[in-house]
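As structure tokens, the structure follows; a few thoughts come after it.
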Amino acid sequence: MELEPVIGLEVHAQLLTSSKIFCACSTAFGASPNHHTCPICLGMPGVLPVLNRRVVEYALRMAIATNCVINRKNYFARKNYFYPDLPKGYQISQYASPLAEHGYVEIETEGGKKKIGITRIHMEEDAGKLIHDETNPMSYVDFNRTGVPLIEIVSEPDIRSAEEAVQYLRTLRDILVYLEICDGNMEEGSFRCDANISLRPRGQKEFGTRTELKNMNSFRHVQRALEYEIKRQMFIIESGGEVVQETRLWDESQGVTYAMRGKEEAHDYRYFPDPDLVAVFIDENWIAQVRSTLPELPGAKKQRFMEEYGLSTYDAGVLTSDRFLAEYFEKCAQKCQQPKSAANWIMGDLLKLVNEDKRTIKECPVTPEHLAEIINLISEGTISGKIGKEILEEAYSTGEAPRAIVEKKGLVQITDERFIAEVIERVIAHHPEQVAQYRAGKEKVFGFFVGQVMKETQGKANPKLVNDLLREKLKN
Ligand code: ADP
Ligand code: MG
Ligand code: ZN
């Protein structure tokens, strides 16, 4: 009996609004504990929450980008539970009428493109943060995060492997970052994921009993936790046991999941509509207006880069993995005779410089226009590729224009045949031994001569001319 994994993910994305969802407190990360709080987000009696319009707008962006049906009338609901990081004793969320439903995203799998259904997207507030003292039996609570806006994105159980789960998460994160509504940082918790997983005999329609996995802070954790859980459930089923429905925590250092709470301890949240908040109506105009501001999404951009610039799937994938990298490429490619070489230069030498410098492409001192200038100087034969790299480094550290650097340093490529021929003759005269070897059939020595000529000309000789002339001179 072959067992097939069935996986559905619940993703929480922190929205990049500058104030909280129901009060004017700042959402900035890293402030001293409890400095970004007020009577509303601290849940004092008698206060009234007021919805931040921008939260709805951001959530709408994601709903539209993931092909959802948007509910015109939205309610907020109270999700009741007791925990020290939740000062009101309930979280304001959405329940019966979420913002959006019935959407999907397309992911890439080994077997081609695949649609993963999105069950719902709703808006809610984040809880505070508990800090447990390592040395004393003491816990502290920081309410800065209380009331920071989140969207929860719940997938259909359409995912069939750990790889697909990670691919789906990457796709969601790329979209959120492109939309500029979430920074997508998993380590800092602004993009979080719980994974529900069960197994069933391949071909069976009904789902098996699932477990819910929590505490995964990176794509790698998600992948490892799911792989572990698939093996664990497989072992139970194959040895005749039954999987218990429960919530399990991933322990990265041990590489295992362990039970946190069972079904019996599952919460009854006693959801009910929040009487402090009015219903939110989302009309056609609002939807149309948000739709008109959406940028081209990563999937569509990748496809277009392949068609318009003749890039490979891989290159297009790398260049669209970041919106600003894609913009950089496109600006550069439009000024180049060969877009493909723009891709090569960006993915190779330029990203190397940027990464070594621990910067992002947004902070790159070489403009796309300047990079295009270097590429064009090479393709029109003014400089060699090797000199091009040197100029890039120079432009990176000084911000100067490539043409100015070429002129200042006298780096123009030598294409004067007579001059190159003279250098070649000199090199040949100085290395009679190697000449004899070459003529005796040792082809490899040819590279030595090219190297010598390049050294004599500080790398400025046109490589094709050097090659042609060398072959000719060495023959005679
Ligand atoms: P809850 O509210 O208890 O978290 P939901 O029914 O809303 O449960 O489901 C949460 C997630 O679990 C969804 O992403 C859904 O696709 C997934 N899911 C539901 N049933 C299964 C199952 N049998 N196996 C794997 N995933 C499942
Ligand atoms: Mg759940
Ligand atoms: Zn507040």
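Both ligands and their constituent atoms are indexed starting at 1 by order of listing. Computed from a prediction, not measured in an experiment: that's the story for all the values here.
- Without hydrogens or angle criteria, Asp274 side chain to Arg78 main chain gives no donor-acceptor distance under 3.5 Å.
- For a threshold of 3.5 Å applied to N or O pairs, the pair formed by Ile197 and ligand 1 contains no separation below that value.
- Near Val6, the atoms of ligand 1 lying under 4.0 angstrom from a non-hydrogen atom of the residue are 24 (N), 25 (C).
- You'll find the side chain of Leu213 reaches within 4.5 Å of the side chain of Leu226, heavy atoms only.
- Side-chain N or O atoms of Glu363 include one that pairs as donor or acceptor with a backbone N or O of Thr360 at under 3.5 Å.
- A salt bridge between Glu229 and Arg232 is present, with a side-chain N of the basic residue lying under 4.0 Å from a carboxylate O of the acidic one.
- Between Phe305 and Phe329, the two ring planes are tilted [angle within 30° to 60°].
- Near Glu156, meaning under 4.0 Å from any of its heavy atoms, are these atoms of ligand 1: 16 (O).
- Remark: ligand 1 atoms within the under-4.0 Å shell around heavy atoms of Asn196 are 10 (C), 11 (C), 12 (O), 17 (C), 25 (C), 26 (N), 27 (C).
- A salt bridge links Arg160 to Glu4: at least one charged side-chain nitrogen sits closer than 4.0 Å to a carboxylate oxygen.
- Using a 4.0 Å cut-off between charged nitrogen and carboxylate oxygen, Asp276 and Lys88 do not count as a salt-bridge pair.
- The contact set between ligand 1 and Gly208, taken as ligand atoms under 4.0 Å from a residue heavy atom, comprises 23 (N).
- Summarising the contacts of atom 6 (O) of ligand 1 with Arg200, Arg210, Glu212, the nearest heavy atom is found in Arg210.
- Of the heavy atoms in Leu9, only backbone atoms (N, CA, C, O) come closer than 4.0 Å to ligand 1.
- Of all atoms in ligand 1, numbered sequentially from 1 with element shown, those under 4.0 Å from a heavy atom of Gly8 are 14 (O), 16 (O), 17 (C), 26 (N).
- Not a single N or O atom of Val154, backbone or side chain, sits closer than 3.5 Å to an N or O atom of ligand 1.
- The ring pair (Phe, Tyr, Trp, His ring centres under 6.0 Å) search around Tyr58 returns none, not counting sequence neighbours.
- Remark: Glu152 does not engage Arg120 in a salt bridge, criterion side-chain N to carboxylate O under 4.0 Å.
- Protein N/O/S atoms closer to the Zn ion (ligand 3) than 2.8 Å number 4 in this structure.
- Residues Glu180 and Arg323 are paired through a salt bridge, judged by an N-O separation under 4.0 Å between the basic side chain and the carboxylate.
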